[in-house]
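Here's the structure we're looking at; comments come further down.
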Amino acid sequence: MSNNQDPRNIFVNQREQYTEPKSVDEQPQQQGTSKQTHKTQTQDDYQARVDEMKRLASKYEREGEGQLVRDIVTNVIEQKARGNLTNDQLIAFAKRVSPLLNAEQRTRLNGLLEELLKL
């Protein structure tokens with residue numbers, strides 16, 4: 001950390017804490033390529049998630065809410081059995097989703113959540 005006493009650079013020391021360490025052999029061109037590759041990979045990951053959500057929305061539009069609830073219950077049972085899902089995570093998910101729902105859907109979600117917490 002530099003000892004920069006110039007008041008115009010008050011945040012210099014703090015910024016230095018958040019920069020990534022650079023190795024001596026790193027070339028600037030390689031850094032740019034790495035950042036571009038990471039950016040492309042992130043965009044690809046995002047697009048894959050969007051495509052998966054569209055596929056699931058289409059599936060449950062055809063199969064209905066009953067199938068969605070059965071799949072959720074099955075998935076929660078499996079995830080809890082593996083130790084990958086806690087009741088706190090279920091509650092947090094319901095809190096995130098709840099504002100997106102109408103009153104009737106919120107009531108059904110809360111009922112489902114109560115059942116899932118008992119599993």
Side-chain angles (χ1 to χ4, degrees):
M1 201 179 284
S2 69
N3 189 8
N4 190 338
Q5 300 301 322
D6 187 341
R8 293 173 294 177
N9 295 320
I10 191 167
F11 298 110
V12 168
N13 292 341
Q14 290 148 338
R15 283 194 311 259
E16 288 176 356
Q17 293 174 0
Y18 298 105
T19 59
E20 295 179 20
K22 297 178 183 174
S23 69
V24 176
D25 2 334
E26 251 182 340
Q27 299 290 331
Q29 186 178 21
Q30 290 174 337
Q31 288 176 349
T33 304
S34 175
K35 287 180 183 178
Q36 183 63 31
T37 302
H38 176 69
K39 184 177 180 181
T40 303
Q41 183 179 10
T42 302
Q43 289 171 340
D44 291 345
D45 291 345
Y46 175 78
Q47 188 59 46
R49 288 193 312 262
V50 168
D51 292 343
E52 178 67 9
M53 294 302 291
K54 286 179 181 178
R55 187 188 68 73
L56 287 171
S58 176
K59 173 186 175 184
Y60 290 115
E61 188 175 353
R62 287 188 314 274
E63 295 180 3
E65 184 179 323
Q67 184 61 45
L68 174 62
V69 170
R70 284 189 293 277
D71 288 351
I72 289 172
V73 170
T74 301
N75 193 302
V76 167
I77 290 170
E78 290 173 1
Q79 294 297 320
K80 278 188 163 187
R82 287 190 215 131
N84 296 337
L85 186 64
T86 66
N87 285 345
D88 290 338
Q89 289 171 316
L90 285 170
I91 293 167
F93 172 77
K95 284 181 180 178
R96 280 193 311 267
V97 172
S98 187
L100 305 173
L101 306 175
N102 63 37
E104 180 185 337
Q105 292 169 329
R106 241 187 319 274
T107 301
R108 290 196 312 252
L109 174 64
N110 289 333
L112 178 60
L113 180 62
E114 287 177 19
E115 294 300 315
L116 294 174
L117 294 175
K118 294 176 187 176
L119 298 177

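All residue numbers refer to positions in the sequence shown, counting from 1.
- Between the side chains of Q105 and R108, no donor-acceptor pair of N or O atoms lies under 3.5 Å.
- For the atom pair L90 CG and K95 NZ, the distance stands at 12.5 Å (nearest 0.5 Å).
- Nearest approach of L109 to A94, heavy atoms of both residues: CD2-O, 3.9 Å.
- Taking both residues in full, the closest heavy atoms of K80 and N87 are given as NZ-OD1, 2.6 Å, listed atom of the first, atom of the second, then distance.
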Let's go through K118 and E115 carefully: what are the C-alpha distance in whole Å and the side-chain angles of both, what is the deciding distance for salt bridge (Lys or Arg N to Asp or Glu O under 4.0 Å) to 0.1 Å, and is it a yes or a no? CA-CA 5 Å; K118 294 176 187 176; E115 294 300 315; 3.7 Å; yes

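- In the model, Q47 has a side-chain atom that pairs as donor or acceptor with a side-chain atom of D51 under 3.5 Å.
- L112 CG to T107 OG1: the interatomic distance, rounded to the nearest 0.5 Å, is 12.5 Å.
- Under the 3.5 Å distance criterion, the side-chain polar atoms of S58 are left unmatched by any main-chain donor or acceptor of K54.
- Here the side chains of L56 and L68 are not in contact, with every heavy-atom distance at 4.5 Å or above.
- Here CZ of F93 is found 10.5 Å from CG of L85. Values are rounded to the nearest 0.5 Å.
- Contact annotation: the side chain of Q79 approaches that of R82 to within less than 4.5 Å [non-hydrogen atoms, C-beta and beyond].
- L116 and V97 end up in different hydrophobic clusters when Ile, Leu, Val, Met, Phe, Trp and Tyr side chains are linked at under 4.5 Å.
- Taking CZ of R62 as the reference point, atom CD of Q67 lies at 11.0 Å (rounded to 0.5 Å).
- Interatomic distance, I72 CD1 to E65 CD, rounded to the nearest 0.5 Å: 9.0 Å.
- Linking ILVMFWY residues whenever their side-chain heavy atoms come closer than 4.5 Å, directly or via other members, leaves L101 and Y60 in distinct clusters.
- N75 contributes no side-chain N or O that, together with a main-chain N or O of D71, makes up a donor-acceptor pair within less than 3.5 Å.
- Of the N and O atoms on the side chains of R70 and T74, not one donor lies less than 3.5 Å from an acceptor on the other residue.
- In this structure, CD1 on I91 lies 12.0 Å from CZ on R96, to the nearest 0.5 angstrom.
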